Trainee: 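Mind looking over this structure? Questions follow.
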There are 2 protein chains.
Amino acid sequence: MAEGSRADHGDRLSPLLRPVRAGNGFEEALEQILQVIRLGLVADGGRLPAERELADRLGVSRVTLREVLKVLADQGIVESRRGRYGGTFVRERPGPVGDGSAAELRRRIARVDVEDTLRFREVLEVGAAGLCAAQGLDEARAARLRAALDRTRDAPLAEYRRCDTLLHLTLAELCGSPSLATQYAAVRATVNDLLDCIPLLVRNLEHSQHQHTALVEAILEGDPDAAAEVMREHCAGTAALLRGFLA
Amino acid sequence: MAEGSRADHGDRLSPLLRPVRAGNGFEEALEQILQVIRLGLVADGGRLPAERELADRLGVSRVTLREVLKVLADQGIVESRRGRYGGTFVRERPGPVGDGSAAELRRRIARVDVEDTLRFREVLEVGAAGLCAAQGLDEARAARLRAALDRTRDAPLAEYRRCDTLLHLTLAELCGSPSLATQYAAVRATVNDLLDCIPLLVRNLEHSQHQHTALVEAILEGDPDAAAEVMREHCAGTAALLRGFLA
DNA sequence: AATCAATGGTTCACGGCCATACCTTATGGC
DNA sequence: GCCATAAGGTATGGCCGTGAACCATTGATT
């Protein structure tokens, strides 16, 4: 008997031997464009890249991409305009994608390994914060970080989630590991999905804001340990909230 | 001018808008099976899962998978045996996949963003170590970790890389985030690729071993900060080596 | 010796996705 | 006012991968 049996001490292979594609091209492209919109990477009324470029970047044909855009347009999430300086625009207030019912939410949660998501998120965030602080940011990058922080301060409640996401995403981009940024974007989309399932508590927002400020300070001062520690607490806060509400 | 232009301050979209598939099914399946073999997840002479299961797990058809296996068999990397208790077996000493020439190595390095890889690796490893230490391991898990550590001690030089990889991969699996384990496996495959490009220094191995021991101790004692710190130094060592040789 | 079950080996029709080319619409510059 | 340009809209032929079924081989079990 060789060692091929599947369930002997937990299968070392499963981390590697996973589906090469999560679905067909259509589904994956749809998922990624939805993530871009839901993460707020394109402002309301903003324009997505042109179809040809978008198809190219996503690695799908334009035909397939257009089927995706058709669905999004039918849902009222985007709008296409023809002619030069036309394009595909994100409509104002896209609203939640699902129907918003409790059943819908439960279904969404059920598809996610919440512990996995929260842990992975914390690792990436703490790592990004540490890296940024350790390497120091040049003036341009520091300015980007400050700008993102300021935007979270001025944000109206409805926009807070988006600005918060953008701040964290900025940090992930600045840390010098594109792979980390990509993974963070993906996991953050999942986190936002979960956050949409629980109420928004104003007290938590205030707390978050203090942490954001302390975080950016620690990073700009080049103190990796402090930055990591603040970020860890920040993540732990969200995690506790989610664990509590989703338990 | 709207905001669609690609290179204005670094393109927020690029982390998300990436190719939905890195190549065709054939290429991706090949890559993943090669990773499994190169990471040493299947021992020399060991058996890969059956074709039907493998195809299922990788999300490709059996026909496509078999084309992959055909290539690997032609290269002498695996061998198929028919009949019950047959299967696809990894041949002894598969050796490096490329031709081993300096040009080949350069080409391999050129395709990788070394800084990205090293940073991302450190984040994941430090995170995994911290998580393991923080949550504590039950006896079964602790035993797995100790066993993996012991194997790195007894390993002959030729097997050291494989055992080292397995130890770190075990840690990633035990941390409680499957996503992290998956990402670590991928990044570690890249790291191993890079390590194959530089000489193996015995002194470094001894140093590594001390760090491994200290790491496992810290984890089993439930000291996250110590575990993270040891791991950070451990990664920094490898990183410095690679940066030096690949500069 | 016969049987069974699990595995690799082979074939084929269908469907999805792709590459490409071309058409249509709108805007700014000449 | 015309036209070049850049964008969305449309049509087609081909290939790759799939799913399913079937065959062939082997070794353990009975």
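None of the values given here were measured: they were computed from a predicted structure. In what follows, chains are A, B, ... by sequence order, proteins preceding strands, each numbered from 1.
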Trainee: Not counting sequence neighbours, which residues clear salt bridge (charged side-chain N to carboxylate O under 4.0 Å, His left out) with B:R146? List them please.
Mentor: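 With sequence neighbours excluded, B:R146 shows a salt bridge (charged side-chain N to carboxylate O under 4.0 Å, His left out) to B:E139, given in chain and number order.
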
Trainee: Go through the structure and list residues passing side chain to side chain contact (heavy atoms under 4.5 Å, CB included) with B:V216, not counting sequence neighbours.
Mentor: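 B:V216: side chain to side chain contact (heavy atoms under 4.5 Å, CB included) contacts with B:L145, B:L149, B:L220.
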
Trainee: Can you check the B:N24 CG to C:dC18 C1' distance for me, whole Å?
Mentor: 12 Å

Trainee: In whole angstroms, how far is the C1' atom of C:dC18 from the CG atom of A:D56?
Mentor: 13 Å

Trainee: Counting just side-chain N and O atoms, does A:S61 come under 4.0 Å of either OP1 or OP2 of C:dC18?
Mentor: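 Yes, because at least one side-chain N or O of A:S61 sits under 4.0 Å from OP1 or OP2 of C:dC18.
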
Trainee: Output the single nucleotide from C:dG9, D:dG8, C:dC17 whose closest atom is nearest the side chain of B:E51.
Mentor: C:dG9

Trainee: Whole Å only: how far is the CZ atom of A:R81 from the P atom of D:dG9?
Mentor: 12 Å

Trainee: Taking B:R161's backbone N and O only, do any of them form a donor-acceptor pair with B:T165's side chain (distance below 3.5 Å, no angle check)?
Mentor: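 Indeed, once roles are kept as given, a pair shorter than 3.5 Å links the two residues.
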
Trainee: How close or far is atom P of D:dA6 from atom CG of A:L54, stated in whole angstroms?
Mentor: 18 Å

Trainee: How many whole angstroms separate atom CG of A:L65 from atom C1' of D:dT10?
Mentor: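 So the two atoms are 15 Å apart, to the nearest Å.
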
Trainee: Is the side chain of B:Q135 donor-acceptor paired with the backbone N or O of B:L174 at a distance under 3.5 Å, no angle test?
Mentor: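 Side chain of B:Q135 to backbone of B:L174: a pair is present.
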
Trainee: Is B:T64 close enough to D:dT18 that one of its side-chain N or O atoms is under 4.0 Å from OP1 or OP2 there?
Mentor: yes

Trainee: Using the side chain to side chain contact (heavy atoms under 4.5 Å, CB included) criterion, which residues pair with A:R162? Sequence neighbours excluded.
Mentor: A:A43, A:E159, A:L166

Trainee: If I take atom CD in residue B:E67 and atom P in nucleotide D:dG17, what distance separates them, rounded to the nearest angstrom?
Mentor: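 In whole Å, D:dG17 P lies 7 Å from B:E67 CD.
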
Trainee: Atom CZ of B:R66 to atom C1' of D:dG19: distance rounded to whole Å?
Mentor: 15 Å

Trainee: Run the side chain to side chain contact (heavy atoms under 4.5 Å, CB included) test against A:E31 and tell me which residues pass, sequence neighbours left out.
Mentor: A:Q35

Trainee: Rounded off to whole Å, could you give me the NZ-to-C1' distance for the A:K70 and D:dT10 pair?
Mentor: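 Rounding to the nearest Å, NZ of A:K70 and C1' of D:dT10 are 14 Å apart.
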
Trainee: Please give the angle, rounded to 10 degrees, between the axes at the start and the end of the helix from C:dA1-D:dT30 to C:dC30-D:dG1, where five pairs define each axis.
Mentor: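 Angle reported: 10°, given to the nearest ten degrees.
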
Trainee: Sequence neighbours left out, what passes side chain to side chain contact (heavy atoms under 4.5 Å, CB included) with A:A55? Give chain and number order.
Mentor: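 Once residues adjacent in sequence are excluded, the partners of A:A55 under the side chain to side chain contact (heavy atoms under 4.5 Å, CB included) criterion are A:R62, A:L65.
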
Trainee: Each nucleotide in nucleotides 20-30 of chain D should get exactly one letter: B, S or -. Can you fill that in based on protein heavy atoms under 4.0 Å?
Mentor: -BB-BBBBS--

Trainee: Residues two or more places apart in sequence or in another chain: which of them pass salt bridge (charged side-chain N to carboxylate O under 4.0 Å, His left out) with B:R141?
Mentor: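 For B:R141 the salt bridge (charged side-chain N to carboxylate O under 4.0 Å, His left out) partners, ignoring immediate neighbours, are B:D138.
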
Trainee: When you check the phosphate oxygens OP1 and OP2 of D:dG8, does a side-chain N or O of A:T88 lie under 4.0 Å from one of them?
Mentor: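 For A:T88, the contact criterion (side-chain N or O under 4.0 Å from OP1 or OP2 of D:dG8) is met.
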
Trainee: I'd like to check the salt bridge (charged side-chain N to carboxylate O under 4.0 Å, His left out) partners of A:D150; sequence neighbours left out, ordered by chain and number.
Mentor: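 Testing A:D150 for salt bridge (charged side-chain N to carboxylate O under 4.0 Å, His left out), a comparison that skips the adjacent residues, returns A:R153.
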
